[in-house]
Amino acid sequence: MYRILVADAIKPEGLTPLMDSPEITLIQKTVDEAADELDTIDALLVRSATTVTEDLINAMPKLSIIARAGVGIDNIDVEAATKRGIVVVNAPDGNTISTAEHTFAMMASLVRHIPQAHSSVKNKEWKRSAFTGTELNRKKLGIVGMGRIGGEIAKRAQVFGMEVLAFDPFLTSERAKAMNVELLTLDKLLSQADIITVHTPLTNETRGLLNIDNLRKCKKGVYLLNCARGGIIDEEALYELILEGHIAGAAFDVFVEEPPLHNKLLELDSVIVTPHLGASTKEAQLNVATQVAEEVLIFLEGKPVSNSINLPAISKEMFQKIQPYYQLVKSMGATAAQCMKEGIQEISVTYSGDATSFDTSILTKSLISGFFKTRLDIPVNEVNAMLIAQERGVTIGEKVASDSSGYKNYIAAVIKGDNRQFEIKGTFVANYGPRIVSINGFNIDFNPEGNLLYIQHTDRPGVIGRVGKILGDHEVNIATMQVGRKEAGGEAIMVLSFDKPLSNEMYEKINNLDDITFMYRIAL
Ligand SMILES: NC(=O)c1ccc[n+]([C@@H]2O[C@H](COP(=O)([O-])OP(=O)(O)OC[C@H]3O[C@@H](n4cnc5c(N)ncnc54)[C@H](O)[C@@H]3O)[C@@H](O)[C@H]2O)c1
Ligand SMILES: O=C(O)[C@H](O)COP(=O)(O)O
């Protein structure tokens with residue numbers, strides 16, 4: 001049974017898949033209202049109103065996923081979530097059109113003074129010349145941040161006869177050409193645009209991107225819009241330059257402080273504002289609620305999500321391809337960890353055959369999480385696996401090889417420890433399942449599952465029989481047994497599986513036999 005806290009106003013119709021699940025209880029309360037039950041919460045759903053701090057995350061020990069019903073994740077401490085192995089997902093395109101349309105409505109309102117004229121008429125005035133506006137036609141629109149929303153605004157602006165200038169360090173010139181926009185440096189955009197609108201996320205790089213110095217580079221009489229995040233345009237600097245007459249006016253949907261109770265921009269007639277309404281349409285709210293509900297459901301079913309902020313994106317089709325290898329690599333990591341009781345320096349994974357036909361980084365993360373999960377008593381998964389390795393100074397390598405040793409797919413991991421290295425190789429056989437096919441150069445073939453005993457011994461008649469006799473005498477049932485060796489009379493291995501974990505007594509008895517070099521219990 002999972003308990004999901006819906007902490008902000010998320011459209012109930014979109015949450016139907018969660019409401020319909022008998023495995024899920026939805027709790028629709030703010031974080032404060034739910035203070036007494038935070039320790040029972042498995043998943044948290046928010047919009048921008050709830051700030052998900054490290055303290056809040058730590059107050060929810062069972063939390064495994066945070067879903068943002070919208071785009072911006074600046075209200076979520078993603079780093080703290082990642083450290084805890086909590087997946088963060090958002091709904092990246094559900095509100096794109098609504099926000100683009102809102103920005104466009106704000107731009108038209110700004111240059112035609114519609115809010116001011118509206119209030120004036122409602123006050124029984126009729127001041128036509130006071131509200132003379134400016135056409136959008138043939139004006140240069142500067143878009144800072146040419147992503148999903150920026151791109152939709154560009155299309156609409158072109159239909160209105162505007163020339164579009166763009167600044168986005170991640171936009172290629174080919175893409176800019178395809179969008180029919182002129183890709184410029186920020187300085188050039190600022191000096192040429194008649195109207196500037198920002199559509200970047202709020203990050204350390206974009207906070208104050210349009211500060212006093214940059215705003216002074218704008219043409220006199222420029223209009224500015226911020227329907228992205230409060231703080232990308234410096235509010236104090238804008239206030240000053242509007243008073244100076246350098247900037248003609250501004251339209252803001254978002255503010256550094258929301259609601260903007262102490263914001264001087266609100267005192268200016270030439271500034272028009274809305275209360276963070278970009279995504280507030282029936283359509284966008286249904287889209288984002290549905291998207292996050294589906295993601296949370298998929299995640300709770302143990303499948304990889306598509307729109308994770310702290311995991312590589314995987315489509316449903318890609319998941320079908322990757323799924324067979326998922327458990328294989330996790331158990332390879334866990335097997336290696338239980339056969340190496342020493343500090344490690346490096347884990348390198350090589351993929352070959354069919355296992356190279358997709359982005360393997362998620363598999364490497366899965367292998368590493370399988371490794372560290374058995375060693376640490378903190379939650380370890382694909383989200384924080386790399387971070388955990390990095391914090392422990394373990395180097396991670398990933399490569400592709402053309403030789404798949406005759407298997408259709410083949411994954412090999414080498415773990416370098418302080419004193420020795422451990423090599424494990426596996427494959428997935430259709431209609432059969434995951435198989436470990438080699439350990440430390442010994443060919444073998446076993447299903448990496450359940451309670452296993454790995455024994456390395458001298459290849460001599462009677463060893464297998466003596467192991468079997470001890471177990472038989474104590475009525476321990478051997479479920480499966482696989483043996484492997486490199487050469488007759490040399491070193492050999494056996495891997496046994498049991499229905500129950502092997503007791504310490506049994507382990508000691510077998511370990512004391514002659515000819516046993518070393519052995520490990522493995523729980524998978
Ligand atoms: N007002 C609202 O209600 C509302 C609604 C949706 C989104 N938003 C905000 O709009 C932002 C953009 O949304 P999107 O869906 O278009 O995101 P997106 O990721 O598709 O686009 C963001 C673009 O910004 C660019 N960028 C990043 N850093 C930059 C920098 N330093 N300078 C210039 N460009 C930079 C990226 O390359 C990307 O192309 C969101 O992060 C969110 O904060 C606001
Ligand atoms: O980032 C977003 O998606 C928007 O800012 C919308 O935020 P909201 O969900 O609080 O309306």
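Note that the structure is predicted; figures quoted are calculated from it, not measured. Both counts, for ligands and for their atoms, begin at 1 and track the order of listing.
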For Cys227, counting its heavy atoms only, list the atoms of ligand 1 lying under 4.0 Å from any of them.
1 (N), 2 (C), 4 (C), 44 (C)
I'd like to check which ligand 1 atoms, numbered from 1 as shown, lie under 4.0 Å from a non-hydrogen atom of Met146.
39 (O)
Nearest heavy atom to atom 28 (N) of ligand 1, choosing from Phe170, Phe252, Phe167, belongs to Phe170
Just let me know how His102 lines up against ligand 1, side chain, backbone, both or neither, with a heavy-atom cut-off below 4.0 Å.
neither
Minimum non-hydrogen distance to atom 4 (C) of ligand 1, winning option of Ile73, Thr96, Leu209, Thr99:
Thr99
If you take all heavy atoms of Leu26 and Val6, which pair is closest and at what distance?
CD2-CG2, 3.9 Å
Over 60° means perpendicular and under 30° means parallel, so tell me whether His113 and Tyr223 are parallel, tilted or perpendicular.
tilted
Which one of Ile153, Leu165, Asp168 satisfies the side chain to side chain contact (heavy atoms under 4.5 Å, CB included) criterion with Met146?
Asp168
Would you say the side chain of Leu45 lies within less than 4.5 Å of the side chain of Val296, judging by non-hydrogen atoms?
yes
Considering only heavy atoms of Asn95, which atoms of ligand 1 have at least one such atom less than 4.0 Å away?
6 (C)
Kindly state whether the ring of Phe299 and the ring of Tyr2 have centres lying under 6.0 angstrom apart.
no
Which of these passes side chain to side chain donor-acceptor pair (under 3.5 Å) with Thr50: Asn75, Thr30, Asp8?
Asp8
So for Thr200 against ligand 1, with non-hydrogen atoms under 4.0 Å, the contacting part is both
At a 4.0 angstrom heavy-atom cut-off, what protein residues surround ligand 2?
Arg47, Ser48, Arg68, Ala69, Gly70, Val71, Gly72, Asn95, Arg229, His276, Ala279
Check whether any side-chain heavy atom of Leu363 sits under 4.5 Å from a side-chain heavy atom of Tyr326, and report yes or no.
yes
Contact atoms of ligand 1, heavy-atom distance to Arg229 under 4.0 Å:
8 (N), 9 (C), 42 (C), 43 (O), 44 (C)
Is the contact between Ile149 and ligand 1 made by the side chain, the backbone, both, or neither, using heavy atoms and a 4.0 Å cut-off?
both
Nearest heavy atom to atom 24 (O) of ligand 1 wins, so pick from Gly94, Ala100, Pro201, Gly147.
Pro201
Looking only at protein heavy atoms, what sits closest to atom 30 (C) of ligand 1 is Thr206 CG2, 3.7 Å
